[in-house]
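In what follows, chains are A, B, ... by sequence order, proteins preceding strands, each numbered from 1.
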Amino acid sequence: MIDLRLLREDPDRVRASQRARGEDVGLVDALLSADERRRSSGTRFDELRAEQKQLGRLIPKAQGEEKTSLLARAKELADAVKAADTEQQQAAEEAQELLLRLGNIVHPDAPVGGEEDFVVLEQIGTPRDFAAEGFTPRDHLELGELLGAIDTDRGAKVSGSRFYYLTGVGALLELALVNAAIAQATAAGFTPVLTPNLVRPAAMAGTGYLGQVEDDVYYLEKDDLYLVGTSEVPLAAYHMDEIIDASRLPLRYAGFSACYRREAGSYGKDTRGIFRVHQFDKVEMFVYTAPEEAEAEHQRLLAWEKQWLSSLELPFQVIELASGDLGASASRKFDCEAWVPTQGKYRELTSTSNTTQFQARRLNIRQRDEQGTRPLATLNGTLCAVTRTIVALLENHQLPDGSVRVPEVLRPFLGGRDLLEPTAAPAK
RNA sequence: GGAGGCGUCGCCUAGUCCGGUCUAUGGCGCCGCACUGCUAAUGCGGUUUGGGCUUUACCGUCCAUCGAGGGUUCAAAUCCCUCCGCCUCCGCCA
């Protein structure tokens with residue numbers, strides 16, 4: 001959530017942000033009026049309550065008729081206090097409900113527009129010219145099947161569409177990727193964390209995933225728990241309701257978890273292979289830092305993502321997303337998109353968001369320094385989303401016979417092997 | 001799944017049975033000041049968090065906050081209910 005003080009002082013800035021997101025601008029005035037009512041009814045409650053407390057102190061000392069009349073007066077006051085309290089709570093709830101619907105303030109440098117209006121910041125590496133090499137590249141599923149690495153048929157048989165098995169070198173490849181990613185993160189000072197993958201509504205809502213994207217989230221009604229779509233959720237909620245001494249910041253965590261996504265509304269998109277699936281594993285970077293540090297930290301997260309993709313020797317581009325494509329929490333977001341040869345385009349592999357104080361306010365996470373306590377800033381960034389990384393690796397590093405070259409950085413985690421080769425007898 | 005115990009403002013803790021200056025006790029830690037060759041010790045003061053008002057600083061003041069939410073009452077840390085968390089035991093189980 002945003003700072004109510006900012007809303008009162010500079011409502012135009014909030015209106016402009018809502019407009020850039022393509023969201024409801026009217027929320028701003030509704031919230032201003034609810035906040036005004038919350039404050040005025042709160043003041044009335046405070047005054048009545050102060051009077052009630054004073055009166056209450058007199059009662060035990062009073063005797064006889066005096067006591068009777070005091071009790072009668074106190075009874076009236078008690079009713080008035082209760083009414084004022086109810087009124088205040090209603091106004092507060094209304095204000096809170098509206099506040100939770102406001103998106104984060106869009107960063108001034110974020111391009112304005114929708115999904116199509118992203119800006120390409122840079123391109124790193126060069127896509128291979130398969131025509132010049134004299135062969136037509138196989139797509140990742142064909143390669144995965146040749147290698148005995150990916151089995152989507154049985155995934156569909158057992159769990160439905162968009163599920164898969166990773167087998168043999170596929171399974172080993174995932175473990176190597178995860179280990180290599182954790183190794184990079186650890187070297188950079190991150191604390192590795194294995195997180196709970198089922199979380200309570202407060203964690204989900206606090207992270208900003210129960211708004212427009214709620215349909216994309218798996219929910220277990222019997223237990224009132226959500227399956228996380230990313231370890232960002234349990235990592236953000238890790239310090240929920242805490243006050244962290246500023247001297248301990250930044251706190252950098254590298255989470256590893258499965259990610260569950262319903263992919264509602266993506267029917268027919270990326271149906272082949274494992275590019276878009278209901279469940280995948282991911283190494284995620286998550287940082288708690290001082291608000292003044294957030295922008296610099298965002299650049300660092302992006303740099304770590306670039307380092308990772310470069311170490312995998314993948315050609316990729318960095319884009320900055322437009323205001324309408326940020327999601328509720330982010331003020332600014334960069335994606336790294338790897339080249340997918342058989343699609344002839346760059347596709348998202350990682351994403352890093354500066355959520356400023358937005359999540360921290362919802363999750364009640366503050367920092368304490370000489371100035372006092374205030375919400376800190378949180379940021380997140382993908383290090384390795386396993387399935388999409390496998391897609392990019394297989395397709396970009398394939399050889400004419402269907403084997404796949406292993407980039408140097410992964411070899412130590414694959415028993416030193418530098419080549420994945422087709423199995424003599426596929427798993428079918 | 002069953003039975004029981006516990007949850008107090010950083011940590012420990014008094015208070016809860018029997019509702020009323022609890023405006024929450026004391027210790028430790030921490031901050032400030034004083035004293036002191038230095039350090040230590042000692043003394044005094046301060047030290048939960050949030051909201052409102054005061055000009056959105058300072059100062060001041062009021063209200064809320066004893067795991068969370070509701071209820072009873074003129075009045076709730078204290079009585080009742082629901083929930084959450086932790087611990088112990090029994091059962092089941094990877």
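Across all strands shown, the partner of B:rG10 is B:rC28, judged by Watson-Crick or G-U wobble contacts whose two distances both fall under 3.5 Å. The partner of B:rC83, taking Watson-Crick or G-U wobble pairs whose two distances both stay under 3.5 Å, is B:rG67. When both pairing distances are held under 3.5 Å, B:rA34 makes a Watson-Crick or G-U pair with B:rU42.
Nucleic acid contact class of A:Arg5 (heavy atoms, under 4.0 Å, all strands): base. Residue contacts for A:Arg44: at a heavy-atom cut-off of 4.0 Å it reaches no nucleic acid atom on any strand shown. Residue contacts shown for A:Gln52 are limited to sugar-phosphate atoms, with no base heavy atom under 4.0 Å away.
RNA chain B lies under 4.0 Å from at least one heavy atom of each of the following residues of residues 238-249 of chain A: A:Ile243.
The phosphate of B:rG52 has OP1 or OP2 within less than 4.0 Å of a side-chain N or O from A:Arg38. Applying the 4.0 Å criterion to OP1 and OP2 of B:rC74, one finds that A:Ser69 has every side-chain N and O outside that range. Phosphate proximity of B:rG52 to A:Arg8: present, with a side-chain N or O under 4.0 Å from OP1 or OP2. Note on A:Arg368: every side-chain N or O is 4.0 Å or more away from OP1 and OP2 of B:rG10. Proximity of A:Arg39 to the phosphate of B:rC53: a side-chain N or O atom is located under 4.0 Å from OP1 or OP2.
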Check: protein-nucleotides 64-71 of chain B nitrogen or oxygen pairs below 3.5 Å:
residue, atom, partner, partner atom, Å
B:rA64, OP1, A:Arg49, NE, 2.4
B:rA64, OP1, A:Arg49, NH2, 3.1
B:rA64, OP2, A:Lys53, NZ, 2.8

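One distance of note links CG of A:Asp335 with CZ of A:Arg347; it measures 11.5 Å at 0.5 Å rounding. Taking CG of A:Leu312 as the start and CG of A:Leu177 as the end, the distance is 6.5 Å to the nearest 0.5 Å.
Going from atom CG of A:Leu55 over to atom P of B:rC63 covers 14 Å, rounded to whole Å. Atom CG in A:Leu71 sits roughly 10 Å away from atom C1' in B:rA75 (whole-Å rounding). One atom, CG of A:Leu99, and another, C1' of B:rG50, lie 15 Å apart when rounded to the nearest Å. A straight line from CZ of A:Arg366 to P of B:rU49 spans 8 Å, rounded to a whole angstrom.
Both A:Glu47 and A:Leu70 lie close to RNA chain B; mapped to their nearest nucleotides by heavy-atom distance, the more 5′-ward contact belongs to A:Glu47.
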